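Worksheet: one structure, shown below.
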Amino acid sequence: MTTDRTYCGTPRAGDAGRPATAFGWVDRRRDHGGLIFIDLRDHTGILQVVIDPNDAPEAHGAAREARLEWVLRFEGEIRLRSPENVNPKRETGEIELRVRACSVLAVARTPPFPVNEDTEVDEQLRLRHRYLDLRRVHLQRNLRTRAKFCTELRTAMAEIGFLEIETPMMIRATPEGARDYLVPSRLFPGSFYALPQSPQLYKQLSMVAGFDRYFQLARCMRDEDLRADRQPEFTQLDIEMSFVDEDDIFAALEHAIPSAWEACDFRGGHLTVPFPRMTWREAVDSYGVDKPDTRFELLLRDLTGIVGTSGFRVFADAVAAGGIVKGICVKGGDDLSRSDIEGPLTEVARGARARGLAYLWKRAEGWQGGIAKFFSADELDAIGAATGADTGDCVLMVADRPSVVNGALGAVRNHLGRVRRLYDDARIDMLWITEFPMFERSDETGEISAAHHPFTMIHADDLDLLESDPLAVRSRAYDLVVNGREIGSGSIRITDRAIQQRVLAALGIDAEEAQRKFGFLLEAFEYGVPPHGGWAGGIDRMVMEGLGTDNIRDVIAYPKNQQAQEPMTDAPAPVDPGQLRDLGIAILPNTRMP
RNA sequence: GGCCCCGUGGUGUAGCCUGGUCUAACACGCCACCCUGUCAAGGUGGAGAUCGUCGGUUCAAAUCCGAUCGGGGUCGCCA
């Protein structure tokens, strides 16, 4: 049936005179009573079909019946349009299909929302009829681009010797990390598999097995609350390599990601390699966050030494309590009003746990702002010098614990970057953040946990600190950051048994617990483990960044809503009582049913 | 779990702040008829919403108040 198919978006003036058979959906229909024009749509574009009652009375009858989104087949001849009838807005605007025969392959109900235009539609309705949403040009383009991106990644990885290995979807639950999705076992009632949060342990075991360059476009599942850039199911480019250090892993990704990126012509297409590198310390000190948006300056500057002993009690007290004071200089910030700062900007700072946002303007008349009077002329000069403030600028400051100061000013910095348009939208800044801390302490429980994961190798210079000052220990973990968004992370792994034990001990995990949780990995490592490391990055987020969309549902064919439901099939749903009986599962009486 | 925004014919919006003139407007879509060169075709006519739900205030509620449901965003959470 499709042997001689002409795709709607493809014929050009040069095809005039050729017979053609086109298949597609009715995008628009213009019935003149005599002549009928139908814009026929497939994924390649739109073809104008002309049905003349004199040429083809039967086809004309069918075309008169046809409505939007009906599926039609047209047979006829590609004709050049007369010059006054050319439509310059359309790729196929110089030609049209003069129809001999028409068949209706399927009728269609009136669609619940317009398929032929790009209007905003209620999210729930779009998801309920996802097949129609996907039919629209926007999602067609996104998903076709995503597919191309993935194909190119596979090609690029294969080019440099990586082997794609599938890892299981039904695995042992891991106590660490995100909440697991569980799959009950029929043969072992009361026991469960978990869906993988990542193939982490399997890829490391693959290194032990001698597959020295592994990759996978791996599906991962995490039962956590959703966000605009987070779905419960997502896809990672997952890699692991043996006998390597950071440089080798970075080089592999600096080959694969730009290849795919450029093949998709994302944002002009070009990525400069190698990607710049920045330590975690430098990122937090200068940008306030561990995923800095380096497309603009507005860097954080330390003012602790200048204002820590000043007459401004808020600063002095914070410093006396072991805190710090930092500031950012907003160039041309003279136009920031007191209500701009005390309203939205302070809101952003408070949202990041700061108690407030202090401000000074440097004007021709001198330093102004409510707190200017607390500082000496020397102190004000020093603030200006440290922040680089000139006349017409505004300095914003926060005093508190270092983590609060950095977080709050980092948030204010990102906010200002966005609202003051401090960067070029076409610019792509991809960079590595290295030397992350090995451990972090929970604010709530005070417990120490692994910042990346417990198999991350310690920075060689910090081995001695493991017991004495664990929070100062740097790891060999690294993130890839794009325009202020983290898109992936990885590390060189621990393969030395003694170091592994010390790390587990620092985490409060004794030998018995380690054996229970990770025994199979530790045992495997006793049979000849190569030094190795790897990385995993979100495909969905890379495609989002490349396409310039800010919602992950725009790059996933069948996503879930914010409640992790799939409105088209109505998953999740209760199951037949017999299925539960087979699994030895009973639902507790007060459990909420959807 | 907290906070913010949204909910008006099939779709997208206006009206809501400042209650009555709303018997709810506009565009698209839908139905019928007319129309042989349109391309967001055009013309004429028509159908379609008790304004998410429940309760309250009021002589009177799409409009004000409360609760609740649904959707989105965000914080927590996501090694």
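Since this is a predicted model, take the numbers as computed values, not measurements. First the proteins, then the strands, lettered A, B, ... as listed; each starts at 1.
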A/Leu132 CG - B/rG10 P separation (whole Å): 17 Å

A/Phe525/A/His532 aromatic ring centres below 6.0 Å: yes

Check: A/Tyr478 side chain, A/Ser491 main-chain N or O, donor-acceptor pair, under 3.5 Å: yes

Exercise: do A/Gln48 and A/Arg30 side chains pair donor with acceptor under 3.5 Å: yes

Those residues that, when tested against A/Arg230, pass side chain to side chain donor-acceptor pair (under 3.5 Å) (two or more places apart): none

Atom C1', compared across B/rU58 and B/rU11: separation rounded to whole Å: 35 Å

Length of the CG-P vector between A/Asp570 and B/rG70, whole Å: 13 Å

Proximity to RNA chain B (any heavy atom under 4.0 Å), residues of residues 482-501 of chain A only: none

CZ on A/Arg476 to CG on A/Asp462, rounded to 0.5 Å: 12.0 Å

Plane angle bin for A/Tyr131 and A/His129 - parallel if under 30°, tilted between 30 and 60°, otherwise perpendicular: perpendicular

Main-chain N/O of A/Ile552 paired with A/Asp540 side-chain donor or acceptor, under 3.5 Å: no

C1' gap between B/rA49 and B/rC3, integer Å: 33 Å

Sidechain-backbone polar pair: A/Glu566 side chain, A/Asn561 backbone, donor-acceptor under 3.5 Å: no

Pairwise 5' ranking along RNA chain B for A/Arg179 and A/Asp229, keeping only the more 5' one: A/Asp229

Residue met sooner reading RNA chain B from 5', once A/Gly351 and A/His453 are mapped to nucleotides: A/Gly351

Between N or O atoms, less than 3.5 Å apart, protein on one side and nucleotides 29-37 of chain B on the other: list the pairs.
from	atom 1	to	atom 2	distance (Å)
B/rC31	OP1	A/Arg67	NE	3.1
B/rC31	OP2	A/Arg67	NE	3.2
B/rA32	OP2	A/Arg67	NH2	3.4
B/rC35	N3	A/Asp31	O	3.3
B/rC35	N3	A/Gly33	N	3.3
B/rU36	O4'	A/Leu35	N	3.4
B/rU36	O4	A/Asn54	OD1	3.3
B/rU36	O4	A/Asn54	ND2	2.5
B/rG37	O2'	A/Asn85	OD1	3.3
B/rG37	O6	A/Arg98	NH1	2.3
B/rG37	N1	A/Glu96	OE2	2.8
B/rG37	N2	A/Glu96	OE1	2.5
B/rG37	N2	A/Glu96	OE2	3.2

Separation between the P atoms of B/rG72 and B/rU8, rounded to whole Å: 15 Å

Contact under 4.0 Å: A/Arg30 side-chain N or O vs B/rA41 OP1/OP2: yes

Whole-Å distance separating the CD atom of A/Glu120 from the C1' atom of B/rG7: 15 Å

Separation of the C1' atoms in B/rU50 and B/rU63, to the nearest angstrom: 15 Å

Identified pairing partner of B/rC54, criterion: Watson-Crick or G-U wobble below 3.5 Å: B/rG66

Presence of A/Arg553 side-chain N/O under 4.0 Å of B/rG73 phosphate oxygens OP1/OP2: yes

Any residue meeting side chain to side chain donor-acceptor pair (under 3.5 Å) with A/Arg100, in chain and number order, not counting sequence neighbours: none

Give me, pair by pair, the N or O atoms of the protein and of nucleotides 2-4 of chain B that are less than 3.5 Å apart, along with how far apart they are.
none

Base-pairing mate for B/rG42 - Watson-Crick or G-U, with both contacts under 3.5 Å: B/rC34

Distance, C1' atom - from B/rC31 to B/rA24, rounded to whole angstrom: 23 Å

Strand partner of B/rA25, provided both Watson-Crick or wobble distances fall under 3.5 Å: B/rU13

Touch class at under 4.0 angstrom, heavy-atom based, for A/Glu123 against every strand present: sugar-phosphate

Touch class at under 4.0 angstrom, heavy-atom based, for A/Leu125 against every strand present: sugar-phosphate

Quiz item: A/Arg227 side-chain donor-acceptor pair to B/rG76 base, under 3.5 Å: yes

Nearest-Å distance for atom pair CD/P, residues A/Gln124 and B/rU11: 13 Å

Produce the list of close N/O pairs, under 3.5 Å, pairing protein atoms with atoms of nucleotides 46-50 of chain B; give distances to one decimal.
none

Whole angstrom value for the distance that separates C1' of B/rG70 from CZ of A/Arg126: 17 Å

Short side-chain N/O contact to B/rG70 OP1/OP2 from A/Gln562, under 4.0 Å: no

Nearest-Å distance for atom pair CD/C1', residues A/Gln563 and B/rC69: 11 Å

Polar side chain donor-acceptor pair, A/His453 to A/Arg493, under 3.5 angstrom: yes

Side-chain N,O (A/Asn551) to OP1/OP2 (B/rG73) below 4.0 Å: yes

Touch class at under 4.0 angstrom, heavy-atom based, for A/Asp55 against every strand present: nothing

Donor-acceptor pair, side chain of A/Arg67 and main chain of A/Glu65, under 3.5 angstrom: yes

C1' spacing across the pair B/rU44 / B/rC6, given as an integer number of angstrom: 38 Å

For atom CZ of A/Arg136 and atom P of B/rU11, their distance in whole Å: 13 Å

B/rC34 to B/rG71 separation - C1' atoms, rounded to the nearest Å: 43 Å

Residue that, paired with A/Val503, satisfies side chain to side chain contact (heavy atoms under 4.5 Å, CB included) out of A/Asp496, A/Leu466, A/Val473: A/Leu466

Same-atom distance (C1') from B/rA47 to B/rA32, integer angstrom: 10 Å

Test item: A/Arg130 side-chain N/O and A/Ala557 main-chain N/O as donor-acceptor pair under 3.5 Å: yes

Presence of donor-acceptor pair under 3.5 Å, side chain of A/Arg230 and base of B/rC77: yes

Residue that, paired with A/Asp238, satisfies side chain to side chain contact (heavy atoms under 4.5 Å, CB included) out of A/Phe215, A/Tyr202, A/Tyr214: A/Tyr214

Polar contact flag, side-chain donor to acceptor under 3.5 angstrom, A/Glu342-A/Ser339: no

Proximity of A/Phe23 and A/Tyr7 rings by center, below 6.0 Å: no

Heavy-atom side-chain proximity of A/Asp180 to A/Tyr193 below 4.5 angstrom: no

Atom-pair distance (NZ on A/Lys560; C1' on B/rG71), nearest Å: 17 Å

Touch class at under 4.0 angstrom, heavy-atom based, for A/Asp225 against every strand present: base

